[in-house]
Amino acid sequence: MNQLLSIEELTGDQIRELLALGHKLKAERGHHTTQPLAGQTWALIFSKSSTRTRVSFEVGIAELGGRPMFLSTRDIQLGRGEPIKDTARVLGRMIHGAVIRTYGQDEVVDFAKYSNLPTINALTDQEHPCQILADLLTLEEKYGVGAWKDMKIAFLGDVDNNMGRSWMWAAKHLGFTLALAGPEQALPKADTLTALNYEGIICTTDAVEAVRDAVIINTDTWISMGQEAEKGTKEQAFFPYQVNAELLKHAAAGHSVFHCLPAYRGYEITDDVLENHAPVIFSEAENRLHAQKAVLYTLATSR
Ligand code: CP
Ligand code: NVA
């Protein structure tokens, strides 16, 4: 494995291996015996805001012996129009790896191609692979390794966004049932479902149907970064898909609510639900560190 650009491009075995390594690195935190990034500088090139992703990568790179270099596109020439392929060729001659948060998936693909560096997608409009690895790690911590295979997992709200798409590919690669519920216009398009070609995906406009007997109930903001102009027109249609106590009455006993954060209380999730499920939700945030260290470790040792 020499890049992590999407969950789509991974195999089920690669996901399972990353999760196993994530558990191991979490258990060994503070006394790692190997430093696979020793002597290396990894750039974090971010065009969008971030709290969890930036901090977890900066800490994770340092804990594996490397030096993180944060580059906001507000400050580098990329933000003034220098092509990604030129930026990539320059950095490819100086640094050892890159973590990129941006808009188009083509930008991370082009960066990886022109830099020839190990490249990690830290969120694009298409996918958020690091978050899904952290979420699966969290699920396994609570329910057991491989527990996802017999589960119904639900995702409510803006389901055809970066989080929803990464969950869809994880469902296909690992073989679990994923129920997606949102307004008609937010459900996955036919070409996405055709590309997935996986019968374990349920798409519905009925929130109760999606949540019924689900063990994990996932949601995310209805307005992803870059969509702020749609806030007024988009939001109203999503209220039937709010994760609230009434809806959760239909979920399986012992269910968990997942949220990648940041959360918008009163919109995709109510305050009481978020606070009731805070231990697992903030474990998802913490597990960004451990899952991403597994990715960094794998990329550094398999080239
Ligand atoms: N979940 C997540 O990616 O958070 P940040 O936007 O704060 O990095
Ligand atoms: N779908 C959200 C995820 C934030 C971590 C966004 O893209 O803004």
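None of these values were measured; they are calculated from a predicted model. In each ligand, atom 1 is the first atom listed, and ligand 1 is the first ligand listed.
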Below 3.5 Å, can you tabulate the donor-acceptor pairs from side chains in residues 185-193 to any protein atom, sequence neighbours excluded?
residue: K189; atom: NZ; partner: Q185; partner atom: O; Å: 3.2
residue: K189; atom: NZ; partner: L187; partner atom: O; Å: 3.3

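- When all heavy atoms of I269 and Q242 are compared, the closest pair comes out as N-CG, 4.1 Å.
- Close contacts of ligand 1 with R288, meaning ligand atoms under 4.0 Å from a residue heavy atom, involve 1 (N), 2 (C), 3 (O).
- When each atom of ligand 1 is checked for a heavy atom of H128 under 4.0 Å away, the hits are 2 (C), 3 (O).
- Within a 6.0 Å sphere centred on CD of E199, other residues, nucleotides and ligands contribute 12 heavy atoms or fewer.
- The nearest heavy-atom contact from the protein to atom 4 (O) of ligand 1 is R52 NE, 2.8 Å.
- Set against the non-hydrogen atoms of N162, the atoms of ligand 2 under 4.0 Å away are 1 (N), 2 (C), 6 (C), 7 (O).
- Of the N or O atoms in M225, none lie within a sub-3.5 Å distance of an N or O in ligand 1.
- In summary, R29 and E286 do not engage in a salt bridge, as defined by a charged side-chain N under 4.0 Å from a carboxylate O.
- Every atom of ligand 2 with a heavy atom of N161 under 4.0 Å away is listed here by number and element: 1 (N).
- By heavy-atom distance, the residue among H259, R101, M225, K48 lying nearest atom 8 (O) of ligand 2 is M225.
- A donor-acceptor pair under 3.5 Å links the side-chain atoms of K172 to the main chain of L196, judged by distance alone.
- With hydrogens left out, the protein atom closest to atom 7 (O) of ligand 1 is T51 N, 2.7 Å, a heavy atom.
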(request) List the steps, then state whether salt bridge (Lys or Arg N to Asp or Glu O under 4.0 Å) holds for E284 with R52. (result) CA-CA 10 Å; E284 291 176 76; R52 282 144 286 268; over 6 Å; no
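- With sequence neighbours excluded, no residue forms a side chain to side chain contact (heavy atoms under 4.5 Å, CB included) with A62.
- Taking 4.0 Å as the cut-off, L261 counts as a neighbour of ligand 2 on heavy-atom distance.
- Backbone and side-chain nitrogen or oxygen atoms of P262 are examined, and none is located within less than 3.5 angstrom of a nitrogen or oxygen of ligand 1.
- The ring of F70 has its center closer than 6.0 angstrom to the ring center of F46.
- Counting heavy atoms under 4.0 Å from ligand 2, residue L123 touches it through the side chain alone.
- Within the 4.0 Å heavy-atom cutoff, L123 does not count among the residues contacting ligand 1.
- From the protein, the heavy atom lying nearest to atom 6 (O) of ligand 1 is R101 NH1, 2.8 Å.
- Under the 6.0 Å cut-off for aromatic ring centres, H255 and H250 do not qualify, their centroids lying 6.0 Å or more apart.
- Taking only nitrogen or oxygen atoms, main chain and side chain alike, D220 reaches within less than 3.5 Å of ligand 2.
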